[in-house]
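Taking it in order: structure first as structure tokens, then the write-up.
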Protein chains: 2
Amino acid sequence: MQDIIEILKEHNIAPSMQRVKILEYLQNNRIHPTADIIYQALMDEIPTLSKTTVYNTLNAFIEKGILVALSLFENEVRYEYNTDPHIHFKCSICGKIYDLDKSYDLYKDDFIDGHKVTEHHVNLKGICKNCVKPTTRSTQRLPEIAKRKITKFHTLRS
Amino acid sequence: MQDIIEILKEHNIAPSMQRVKILEYLQNNRIHPTADIIYQALMDEIPTLSKTTVYNTLNAFIEKGILVALSLFENEVRYEYNTDPHIHFKCSICGKIYDLDKSYDLYKDDFIDGHKVTEHHVNLKGICKNCVKPTTRSTQRLPEIAKRKITKFHTLRS
DNA sequence: ACCCGACTTTGTAGTCATTACAAAAATGAG
DNA sequence: CTCATTTTTGTAATGACTACAAAGTCGGGT
Ligand SMILES: [Mn+2]
Ligand SMILES: [Mn+2]
Ligand SMILES: [Zn+2]
Ligand SMILES: [Zn+2]
């Protein structure tokens, strides 16, 4: 992707192979990955990759404003493009993190009780629509055949 | 405090000295402390206190519903009473965490885009009213005399 | 008062994410 | 090609937290 090299250059980051691959991964996988997920995903392509490089690169990207780090839950750091403000929902069953465009009263750059607000995070947690099933049993790890047997879904307030 | 012993008994927790002191600390210091802050604060009173006991106790309190753990920012776990829902503001200068009663559209126990929401956290960050000063220089560690010299405050949108 | 078993606390060791640091490798201008 | 600068890598260190087992505490039954 020439695109990615351009992004790096625009942010004054030399487009080394590792940096390009990491940013490319972030671009193609909008899953708010942890450093380790990125590392695991790139190990095949870059067998010599070091976890230190992943951390160095992510921190450099944050420094230059390409990425932001999120502390949602469970004290884990996750990374995503620095995009328009939006809110997050994490499924406690499958672990997926969803972006919600839900328009929200954002107090960013405003004042509340005299406090100047510069960051505003809304983090929701629950059971995502793919994991909401008639029974509360987790269906995440059921084999495909077992999954198919479940035909009745609760629409639960359409 | 007989009160604290009562709270423990009501939650089926034997009121040992350590547990009473830890809960008493939480009750008297509504600062959303970390485990280490609690440990440091109680070391004088309980010289034999172990950090493991602090963690064990906090986790037991959470298990029994007395406390909740917060993952606000910087990947640190903080503890507070399990109270009515409210939102948090952390000052990036002095580090204090404020409770804001700001009424908020809470999606708890509601559905968004088909996802069932069970937890709802709003975390704000910025500069608290005590740290907002005419200059952006941090005044947190200035001696009292220097502080007093600063007379002009920005009301900044009353 | 003594014994015993259950619960609680403690210290140490282990895990996991992240950072610090220095050596090795790659890059690139002259 | 050469050498200085940048980048990557591996290893060690840090810090929060957990696992685990030994030691301490306590209360009931004798
Ligand atoms: Mn997002
Ligand atoms: Mn609070
Ligand atoms: Zn899910
Ligand atoms: Zn402050």
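Lettering of chains follows the sequences in order, A, B, ..., and the numbering in each one begins at 1. Just so it is clear, the model here is predicted, and its values are computed rather than measured.
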Query raised in the report: Is any side-chain N of the basic residue among B:Lys90 and B:Glu74 closer than 4.0 Å to the acidic one's carboxylate O?
Result: yes

Query raised in the report: Nearest-Å distance, CG (A:Asn56) to P (D:dG10)?
Result: 13 Å

Requested in this report: May I ask you to say what A:Ser16 touches in the nucleic acid, namely base, sugar-phosphate or nothing, with a heavy-atom cut-off under 4.0 Å?
Outcome: sugar-phosphate

Report task. Would you check if there is a donor-acceptor pair between the side chains of A:Asp99 and A:His86 at a distance under 3.5 Å? Result -> yes

Between the protein and nucleotides 16-19 of chain D, list every N/O to N/O distance that falls short of 3.5 Å.
{"residue": "D:dC17", "atom": "OP2", "partner": "B:Tyr55", "partner atom": "OH", "Å": "2.5"}
{"residue": "D:dC17", "atom": "O5'", "partner": "B:Tyr55", "partner atom": "OH", "Å": "3.4"}
{"residue": "D:dT18", "atom": "OP2", "partner": "B:Asn59", "partner atom": "ND2", "Å": "3.4"}

Query raised in the report: Are B:Glu76 and B:Arg78 ion-paired here, with the side-chain N under 4.0 Å from a carboxylate O?
Result: yes

Query - Expected output: side-chain B:His115 to main-chain B:Phe111 donor-acceptor under 3.5 Å - result: no

Query - Donor-acceptor contact below 3.5 Å, side chain A:Arg19 vs main chain A:Ala14 - result: yes

Report task. Please confirm whether B:His121 and A:Phe73 have ring centers closer than 6.0 angstrom. Result -> yes

Requested in this report: Calculate the interatomic distance between B:Gln40 atom CD and D:dG15 atom C1'; express it in whole Å.
Outcome: 13 Å

Query raised in the report: Is A:Lys125 close enough and on-axis enough to A:Phe89, meaning under 6.0 Å and within 45°, for cation-pi?
Result: no

Report summary line: Separation between CG (A:Leu67) and OH (A:Tyr79), nearest 0.5 Å, reads 9.0 Å

Report summary line: Counted 5' to 3', the first and last nucleotides of DNA chain C within 4.0 Å (strictly under) of a heavy-atom of chain B are C:dT8 to C:dT12

